[in-house]
Peer 1: 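My questions all concern the structure below.
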Amino acid sequence: MINKEEIWDLFKSIFPIYRTLLGKGFNDSLDEISKTIPLTNIYEVESGQSSGSWKIPDEWIIHNAWIADLDGNKIIDFKENQFHIWQYSISTDEIISHEELIKKIAIGDEDCIPLVVTYYSKRWGFSVSANQFEKLNKDQYRVYVESEFRAGKLQIGEIFLKGRSSKEILIDAVLSCNSLANNLSGVLGAVFIAKLISQTSNHYYSYRILFSPETIGPISLFHHFPSLFKNVQGGFNLINLADKNALNYKTSRYPTLVDDTVEYTLKQFDKDATIFKYDVLTGTCGNEKAYNSLGIEVPVGALRRSILCSYPEYDTSKDDFGFIDKSKFFESLDILTQLIQNIELNRYYKHTFIGEPFLTGYGLFPKIEKDSDRIPYDYLMGFTNGELSLLDIVKLSNQPLQSFFEPLRLMVEKELLKEI
Amino acid sequence: MINKEEIWDLFKSIFPIYRTLLGKGFNDSLDEISKTIPLTNIYEVESGQSSGSWKIPDEWIIHNAWIADLDGNKIIDFKENQFHIWQYSISTDEIISHEELIKKIAIGDEDCIPLVVTYYSKRWGFSVSANQFEKLNKDQYRVYVESEFRAGKLQIGEIFLKGRSSKEILIDAVLSCNSLANNLSGVLGAVFIAKLISQTSNHYYSYRILFSPETIGPISLFHHFPSLFKNVQGGFNLINLADKNALNYKTSRYPTLVDDTVEYTLKQFDKDATIFKYDVLTGTCGNEKAYNSLGIEVPVGALRRSILCSYPEYDTSKDDFGFIDKSKFFESLDILTQLIQNIELNRYYKHTFIGEPFLTGYGLFPKIEKDSDRIPYDYLMGFTNGELSLLDIVKLSNQPLQSFFEPLRLMVEKELLKEI
Amino acid sequence: MINKEEIWDLFKSIFPIYRTLLGKGFNDSLDEISKTIPLTNIYEVESGQSSGSWKIPDEWIIHNAWIADLDGNKIIDFKENQFHIWQYSISTDEIISHEELIKKIAIGDEDCIPLVVTYYSKRWGFSVSANQFEKLNKDQYRVYVESEFRAGKLQIGEIFLKGRSSKEILIDAVLSCNSLANNLSGVLGAVFIAKLISQTSNHYYSYRILFSPETIGPISLFHHFPSLFKNVQGGFNLINLADKNALNYKTSRYPTLVDDTVEYTLKQFDKDATIFKYDVLTGTCGNEKAYNSLGIEVPVGALRRSILCSYPEYDTSKDDFGFIDKSKFFESLDILTQLIQNIELNRYYKHTFIGEPFLTGYGLFPKIEKDSDRIPYDYLMGFTNGELSLLDIVKLSNQPLQSFFEPLRLMVEKELLKEI
């Protein structure tokens, strides 16, 4: 059993670090993770390198950023709230009219300060809440931004856990966003899975768990380490695991066993759990869009409670520890535990017997105490043609997956079935 | 823009010509068409030639045909109405009892005179309306038919319009029926399409537009010019474009992109437009049955308003300019215009990029003014795997096809997509 | 026409024979069958031989078996009712307490004595009705069983009827159960089919009709005569043809033409006939489970009225001639007659013509007296692409299968269609 409180403590220690696509904040966050479970690798791509039609930006360091009235009173100050400055803002020190200033301000609802990033435009800007915006009523302001750009390295942290099989499950979580709690909860879900697998002896799949910058992370990995994903059978991106909505899932582009298993597992917990088919609409997608994008096509779904952009606190300063719900986050971890157990089992098995086997001869009948105990044996004997997954067979039987665990184990042990 | 009135004038000039399967009337009709748009070819097969199990009949010329009472009063006269004589009637001059006569008379409802053709039987017969039939109450009549048979040539007129691609769209219309206005409207629809394409620079598909005798036209073409159809990707037969019913479509035997496009286009105009699956029932089929017949299997659908045989005026003297509706015919031409535009675009495209492209780098973001402008780009980037047609992708997006026109053009121009 | 009364007489003469998996009773039953129609073969496998994970048991002969009170009054006696002794009971002669005795007794409802078999356990046991069980109220009883085990031969009787084609239809019926009338009715259904085919000149399919021991019959055949089933296209197991329920069908593992034909034929008689997809649940399966089992996979469905285990008389002494219904059994034979006729015709046909044929030229039009007569010709001409079965085409037409019999015959005769 994993200590969920230990995961929660890690959550709290990573949350306040000021992160962006690359640089110290991202690196410090990986360091924090490695205190709970060691990373096995950090992939690096240098600033200026191309990845398809993308280019790795420089590292950006923000030293100071404020808006003051002409009396020198700071109205908006990055040091008060890290969301105030648009990430990748360039330096400036200027007197600016109210009219010009508001063109460079993003305004959130009520007291939400929105996150804005402008990696590829040489500009500056500030984010404020609606309440703060109302107070900007002078004719002129002084704007001061002191930032620094320098060559750095895009980093993707990895925990690779080798299983009996070289077939891989890919788990991805975006680590590049700054202090957004619900968003960051996916990283903790991935850490939890890593801990869980690392304590599981003899797991079947190999697990490749990645902590990555958004979009450019997967794209750079694919272009610079093209063979990395060649054994991936399926997987998912984790995000928004700590709000109060029910879990839902968007499948990968082409259906995988993992997609089937997530659907089955979510419906075990909530029969109305929603499963969305693969989609690409901007604003509803996270890293799974890059993984599935044409030419890359690594099959990764998206597991989350609330959908991206679907709630007012999304990508704002209000996505903090006051917004998220600890018990819902822990419930997510419990579902992940069940999900990993199901993923490990939902594979293809093939009969070794020729014709209906004589179960008594294999010593299996003593295990069958009542008629319903026999049903999983009937269905495993009847349908393990190597083309139906365990869950396909379970669904044919109308029995719960759990009732198949022991019969499957025994039939594999007796070599009536082989794993394929 | 095509002048629809010019098409309407051609309609009126072809209508009165007395046509049958082959011969002068058919040839004169082709001549009329070529005054509006030149034919590129006339395929010919001589009388007596075999086409599979069919044989090209002789040309038939009717000089005179009447029924008179014994006082010499002509009661029924071909010169009054061309529908009175069954096409391919043999000559006769005989006194005949009322009882014998009525065995050789086809009777239409009220004042409809039905069209009867008997290409392959050596017999004669007359068609009359129910009103006329009532007046045939004498005991004996004199019947006079003076007709002539001679070796001729079956003709199929063609307008071939070469596109960027050697892939062809086949448009067919039956020209062999005599003065049936709704029936003939298909020929004018085909002429309209020919004009439209001929004024379109750089069209993708090549268009093969045929004016053909019914059934034996396509069958003879296939047997005598077997390579003619080898590049046909899809197409349709046009008929009954001028009555008051909504347009409907019967697909070709195996689904084609053209079938999809017709369905989509009709539903743009009328969301309840009916799409019928391929069927072969006698009485509901025109030339599309011959095109799709086994061993030929050229994929041709049937686009029409009323279905063949479904209205009392069908194949009678009452299918005239009083029956059809000019505004409905013009509406048909407008829908054909949209349909051809959609056919040109509804093809397969394949991404050239590897992984989600950086749209800003291609200068495409300035084109995206509001969030919904981005949707077609998302879907074109997301699904141009070469196996989904443009319309497949459009349907996934739940956006109108029109919103894809400009994004598609730009992405092809920027070489993010290639046509396949 | 087959004399159904002759089948009924055979039914009555086989019923009382005391049968088990192998031995004299089974052999005598085959002899009885061969008096009505000669067997072409008896396959034999010796006791002790392996068949996959199964082993052929010895022959078992029961000489005497009773339970008596200590005064020597026989309370339960095998000689009164053959169901009283569990088949394959070992010998014993012992005084036993009431408490111990009831552990070795199977109790049926009311006056049903259940059939129990224990081929692979060295034990003894008795079956009694609930009414008899109530009377077993003494403290002690004497139990006497005198049985004999000796090496024998498992037998499978076969009637093989060669057709024009080497493609085979497999008909199977279990013969190993002792006097169970509804169960045994399947054997008589198979005999009926054998008679029917043997009187049909020029039948297309070859028919392999088997009278087999339950489960181990098909499994042994496959292991010891592995090429026997290589030409089987489809077939079914027959059982429970004489009770009052409607016929229903469970398909074979992978759909076959025979499965389609059974479904169509049952629905001709009763449009609500139930068709079950292939399933493997113990208690609902007969020999079809062994035929379809993985590694064997001979496509055999199950045709029956009541489903196995679904009625209180099932596998008890009450499944006798008082339980079954002669008129229902005869109705089953009538449906089998229609079914075989349909199986013979529901095959793939391919057009020889290139393009729509000129039917008049083949002399087929005189056969077409009214418009609806033409429909089967339209559909046979339109869809005989070699990939649609006759029934697929019939269903497209919405016409009854019967209306296709004569058009199909004529079109094959005129060589417009060929059998494939």
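Reckoned from all heavy atoms, side chains included, excluding hydrogens, waters and symmetry mates. Here is the naming used below: chain letters follow the sequence lines, and residue numbers restart at 1 for every chain.
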Peer 1: Could you work out, with side chain to side chain donor-acceptor pair (under 3.5 Å) as the rule, every residue matching A:S397, not counting sequence neighbours?
Peer 2: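 So A:S397 forms no side chain to side chain donor-acceptor pair (under 3.5 Å) with any residue.
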
Peer 1: Checking A:E297 now: which residues fulfil side chain to side chain contact (heavy atoms under 4.5 Å, CB included) with it, not counting sequence neighbours?
Peer 2: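 Only A:R253, A:Y254, A:L294, B:H351 meet the side chain to side chain contact (heavy atoms under 4.5 Å, CB included) criterion with A:E297.
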
Peer 1: Once side-chain hydrogen bond (donor to acceptor under 3.5 Å, both in side chains) is applied, what residue pairs with a partner in residues 167-178 of chain C remain, sequence neighbours excluded?
Peer 2: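 Passing the test, one end in residues 167-178 of chain C: C:Q82-C:N178, C:E168-C:R208, C:D172-C:S212, C:D172-C:N237, C:D172-C:N287, C:D172-C:Y291.
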
Peer 1: Between C:T316 and C:P114 (side chain of the first, backbone of the second, donor and acceptor by atom type, cut-off under 3.5 Å), is there such a pair?
Peer 2: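 A pair under 3.5 Å: no.
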
Peer 1: Which bit of C:T215 is near chain A, if near means a heavy-atom gap under 4.5 Å: side chain, backbone, both or neither?
Peer 2: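 For C:T215, side-chain heavy atoms alone lie under 4.5 Å from chain A.
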
Peer 1: Using the six-membered ring of C:F149, assess whether NZ or CZ of C:K122 lies under 6.0 Å from its centre and within 45 degrees of the ring axis.
Peer 2: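 Geometry flag: set, cation within 6.0 Å and 45°.
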
Peer 1: Checking C:N248 against C:R304: is there a side-chain donor and acceptor pair closer than 3.5 Å?
Peer 2: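 Short answer, yes.
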
Peer 1: Quick one about C:S252 and C:D259 (side-chain donor to acceptor, distance below 3.5 Å, no hydrogens or angles considered), yes or no?
Peer 2: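 The criterion, which ignores hydrogens and geometry beyond distance, is satisfied for C:S252 and C:D259.
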
Peer 1: Please flag which part of C:K55 lies under 4.5 Å from any non-hydrogen atom of chain A: side chain, backbone, both or neither.
Peer 2: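 Neither part.
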
Peer 1: Could you have a look at C:I216, C:T282, C:I296, C:N292 and say which one has the most heavy-atom pairs with chain A under 4.5 angstrom?
Peer 2: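 The candidate making the most pairs under 4.5 Å is C:T282.
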
Peer 1: If the contact rule is any heavy atom under 4.5 Å from chain A, which residues of residues 218-226 of chain C qualify, in numerical order?
Peer 2: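 Checking residues 218-226 of chain C against chain A gives C:I219, C:F222, C:H223.
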
